[in-house]
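Taking it in order: structure first as structure tokens, then the write-up.
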Amino acid sequence: MEAESEPYVRLASLRQLHQVMADMNTARSLADTLQTVANGVVTALGYELACVNLVRPDGDLVVAAFAGNPAAEALITGRVGSRESWERRLSMGETWGDLIFIPHTEGWILDDDDVPQWYTDGPAPRFEDEWHPSDRLFAPMYTPAAPGGNGACGELIGVISVDRPRNGRRPGAWGREALQMYTFQAAIAISNARLRANMQRALVRLEREQQALRASEESFRQAFEYAPSGMAIAEMGGDQHGRILRTNDALCRLLGRPASAMRRYSFSDLVHPEDIGTLLRTSAEGGRAELRLGRRDGTYLWVSLRNSVVADAADGPRFLLTHVEDIEDRKRRELQLAHRASHDSLTGLPNSAELRSRLASRLCRRPQSTHPAAVDAMDVQGHPAFDTNGHGFDFRTDGAESAESFEAYDHHVHTVAPEEGARDDGTKGLAVLFCDLDGFKSINDRFGHNAGDAVLIEVARRLSRGVRDGDTVARLGGDEFVILADGLGSADAQDLAVRLRNEIIQPIRAEGRAVRVGASFGIGWAHCGMTADEVLKSADERMYVEKRSRPKQHRRAG
């Protein structure tokens with residue numbers, strides 16, 4: 001801080017004071033807040049040493065933070081001074097507004113009390129307002145006065161003690177005013193830090209006990225508002241069940257919505273359409289869910305919701321207290337890992353495991369029976385017959401016939417295949433096109449694996465471009481690709497294979513040169529009763545039949 005003889009205070013000094021006050025209110029914990037208070041006295045107010053003495057629950061004061069001298073910090077941090085000794089200090093000396101100054105001429109009587117203190121060396125003062133090494137300056141911190149308290153101070157929460165002004169002089173009017181203002185803000189910051197710590201403990205208790213939170217409205221309001229994560233109170237039961245009644249600043253910032261707007265919604269209005277079921281399945285009491293909530297800009301944010309039931313102080317209607325935590329980064333990492341596990345790293349297409357999973361999800365395993373009656377009950381596709389109610393016939397060894405429901409088939413649309421050799425019989429099925437590149441090995445051998453990789457990437461792009469939305473293009477491995485195309489007839493599948501082959505045989509730029517590859521396609525058909533491996537094997541065998549049926553010069557690429 002500037003010398004008192006100057007008629008003004010530099011703007012830089014005011015900015016520095018403003019910055020340290022802001023830092024006090026952004027510290028993450030009570031310990032960080034206390035240390036920030038001590039550091040601010042040294043960096044912004046022009047003192048070489050600062051000590052924050054905090055009132056303990058038993059009334060004594062402990063040295064909670066120190067700044068300016070590591071040796072002194074190690075000596076007295078954590079030491080305790082009795083409340084009686086502190087009250088004696090605060091009742092003597094000179095009163096500078098809210099500050100207490102004890103000059104060296106009086107302070108010698110305090111040398112033997114139990115208040116932790118440091119001793120500094122230096123010459124005796126040469127002029128009247130020069131700082132003496134034994135001078136003491138204290139700034140008591142009080143809780144903010146209650147409304148209607150006529151300016152009276154609240155309870156003592158601590159004392160800031162300072163030493164060694166850098167200009168070597170006792171603080172004048174500006175220095176005293178700055179220290180008083182700083183002490184007032186420090187008291188508010190420490191009170192707020194304690195409130196945040198109390199809220200954290202309350203959240204742990206809610207998680208463990210899952211019981212109603214009973215607290216006075218004012219204390220709960222402060223804890224709710226100062227919570228570092230998103231919080232909301234919603235109605236429970238009745239026609240307005242789930243409607244948001246109150247939100248804190250953290251949740252409003254998280255979703256980019258003002259509190260007044262939040263009160264028009266329930267969480268079901270804000271949740272992503274795909275996550276409505278997840279929200280509805282979440283129980284009211286102790287419920288957990290991970291879902292996406294809509295922000296004001298139209299984007300969605302992954303959050304974790306935790307619900308607890310809370311009653312008001314008069315045992316009135318119950319409400320839901322919802323804790324909202326931002327998990328966007330973790331979800332993004334999980335989705336990336338899941339994508340890497342199910343997709344080919346080179347082409348970005350679904351890999352072999354994902355292909356088999358998608359194919360298997362369309363198929364069901366029908367029960368097999370060796371009873372002759374069961375064979376008679378097969379339809380023309382070789383599938384077990386079903387009655388008009390959709391029930392499968394269970395043929396027992398004694399020939400008795402019972403219409404029992406096969407639960408495994410409920411709500412399942414069976415996959416069938418067109419008849420062999422029929423092009424326009426009208427049957428639509430799930431076509432499985434097995435694609436093997438012709439001439440790919442020679443490209444790897446002649447131009448290197450980088451060129452081969454470039455060819456595979458371009459082939460994957462052309463295959464993806466040539467199919468419909470909803471079809472699957474997967475890389476099975478090496479130079480083999482598989483296409484799953486549902487709802488095709490025999491002629492449709494043949495036409496698709498021709499179109500894709502014509503796309504693939506076009507020149508491809510790889511390592512600065514144009515190369516060509518051919519493609520052989522085998523068309524298999526998936527139907528229930530088969531496994532995914534059986535379907536792929538069938539298409540693979542048909543591909544080799546097709547490859548051998550064409551002249552060698554038509555299979556290779558130049």
Side-chain angles (χ1 to χ4, degrees), residues 339-362 428-444 447 449-511 514-526 532-533 535-547 549-550 554-558:
H339 186 272
R340 292 173 186 172
S342 61
H343 286 71
D344 175 50
S345 60
L346 176 65
T347 63
L349 296 177
N351 59 19
S352 175
E354 178 67 10
L355 170 67
R356 285 175 166 81
S357 175
R358 295 186 185 185
L359 184 54
S361 67
R362 288 296 314 279
K428 305 291 185 180
L430 176 58
V432 182
L433 283 68
F434 198 106
C435 172
D436 182 78
L437 301 184
D438 301 326
F440 176 75
K441 184 177 183 300
S442 63
I443 293 177
N444 264 341
F447 307 122
H449 289 285
N450 288 340
D453 288 347
V455 169
L456 292 175
I457 293 172
E458 178 59 21
V459 168
R461 189 186 68 82
R462 293 181 182 183
L463 289 174
S464 300
R465 185 180 60 191
V467 299
R468 305 164 302 174
D469 292 340
D471 292 343
T472 295
V473 178
R475 184 186 177 196
L476 194 60
D479 60 348
E480 295 177 335
F481 298 84
V482 173
I483 297 94
L484 304 182
D486 203 1
L488 298 185
S490 296
D492 300 328
Q494 292 290 345
D495 292 341
L496 176 60
V498 171
R499 291 199 309 272
L500 294 178
R501 181 185 294 113
N502 290 337
E503 285 287 334
I504 291 174
I505 63 177
Q506 301 301 317
I508 297 175
R509 297 294 299 180
E511 294 294 298
V515 298
R516 292 176 182 268
V517 291
S520 297
F521 282 84
I523 303 174
W525 296 93
D533 286 335
V535 176
L536 294 174
K537 181 179 179 181
S538 171
D540 186 23
E541 291 173 349
R542 293 172 185 265
M543 182 273 297
Y544 277 107
V545 170
E546 195 269 347
K547 184 187 289 282
S549 68
R550 292 187 292 124
H554 291 168
R555 288 186 271 121
R556 299 186 59 83

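Note that the numbering runs from 1 along the sequence shown for the chain. As a basis for the values below, the full set of heavy atoms in this structure was taken, side chains included, without hydrogen atoms, waters or symmetry mates.
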Q) Just by distance, do the side chain of Gln506 and the backbone of Asn502 share a donor-acceptor pair under 3.5 Å? A) yes
Q. Taking atom types as modelled and ignoring hydrogens, do the side chains of Ser520 and Asp436 form a donor-acceptor contact shorter than 3.5 angstrom?
A. no
Q. Is the side chain of Asp540 donor-acceptor paired with the backbone N or O of Lys537 at a distance under 3.5 Å, no angle test?
A. no
Q: Could you grab the distance from atom CG of Leu359 to atom OG1 of Thr472, nearest 0.5 Å is fine?
A: 9.5 Å
Q | Arg475 (side chain) donor-acceptor with Gly478 (main chain) under 3.5 angstrom | A | yes
Q) Under 4.5 Å between any side-chain heavy atoms of Leu349 and Ser464, yes or no? A) yes
Q. Between the main-chain N or O of Lys441 and the side-chain N or O of Asn444, is there a donor-acceptor pair closer than 3.5 Å?
A. no
Q. Where do Arg542 and Glu546 land on the salt bridge (Lys or Arg N to Asp or Glu O under 4.0 Å) test, with the steps shown first?
A. CA-CA 6 Å; Arg542 293 172 185 265; Glu546 195 269 347; over 6 Å; no
Q) Is a donor on one side and an acceptor on the other found under 3.5 Å between the side chain of Asp486 and the backbone of Ala431? A) no
Q) How far apart are the C-alpha atoms of Val432 and Val482, what are their side-chain angles, what is the distance that settles it, and do they pass the side-chain contact (heavy atoms from CB on, under 4.5 Å) test? A) CA-CA 7 Å; Val432 182; Val482 173; 3.8 Å; yes
Q) Given side chains that start at C-beta, do those of Ile523 and Phe434 come closer than 4.5 Å, heavy atoms only? A) no
Q) What distance separates Phe521 CZ from Leu500 CG, expressed to the nearest 0.5 Å? A) 4.5 Å
(Q) To the closest 0.5 Å, what do you measure between CD1 (Ile443) and CD (Glu511)? (A) 11.5 Å
Q) Ser357 side chain to Ala353 main-chain N or O, any donor-acceptor pair under 3.5 Å? A) no
Q) Roughly how far, to the nearest 0.5 Å, is the CZ atom of Arg356 from the CG atom of Leu536? A) 5.5 Å
Q.
Let me confirm one number: the CZ-CZ distance from Arg462 to Phe481, rounded to the nearest 0.5 Å.
A. 11.5 Å
Q) Is the shortest heavy-atom distance from the side chain of Cys435 to the side chain of Met543 under 4.5 Å? A) no
Q: Using a strict cut-off of less than 4.0 Å between a Lys/Arg side-chain nitrogen and an Asp/Glu carboxylate oxygen, indicate whether Glu503 and Arg499 qualify as a salt bridge.
A: no
Q.
Working to the nearest 0.5 angstrom, can you tell me the gap between Gln494 CD and Leu433 CG?
A. 8.5 Å
Q. Can you check whether Leu430 reaches Trp525 side chain to side chain, under 4.5 Å on heavy atoms?
A. no
Q. Looking at side-chain heavy atoms only, is the closest gap between Leu488 and Leu496 below 4.5 Å?
A. yes
**Q.** Result of checking Ile504, Asn450, Val517 against Val455 for side chain to side chain contact (heavy atoms under 4.5 Å, CB included)
**A.** Val517
Q | Evaluation steps, side-chain contact (heavy atoms from CB on, under 4.5 Å), between Ile508 and Val459 | A | CA-CA 9 Å; Ile508 297 175; Val459 168; 4.1 Å; yes
Q: Ignoring hydrogens and angles, tell me if any N or O in the side chain of Arg516 forms a donor-acceptor pair with the backbone of Ile505 under 3.5 Å.
A: yes
Q: Could you pull out the closest heavy-atom pair between Ala485 and Asp471, with the gap in Å?
A: CA-OD1, 3.6 Å
Q | Thr347 side chain vs Asp344 backbone, donor-acceptor pair below 3.5 Å | A | no
Q) For Ala510 and Ala454, which heavy atoms make the closest approach, and how far apart are they? A) CB-CB, 4.0 Å
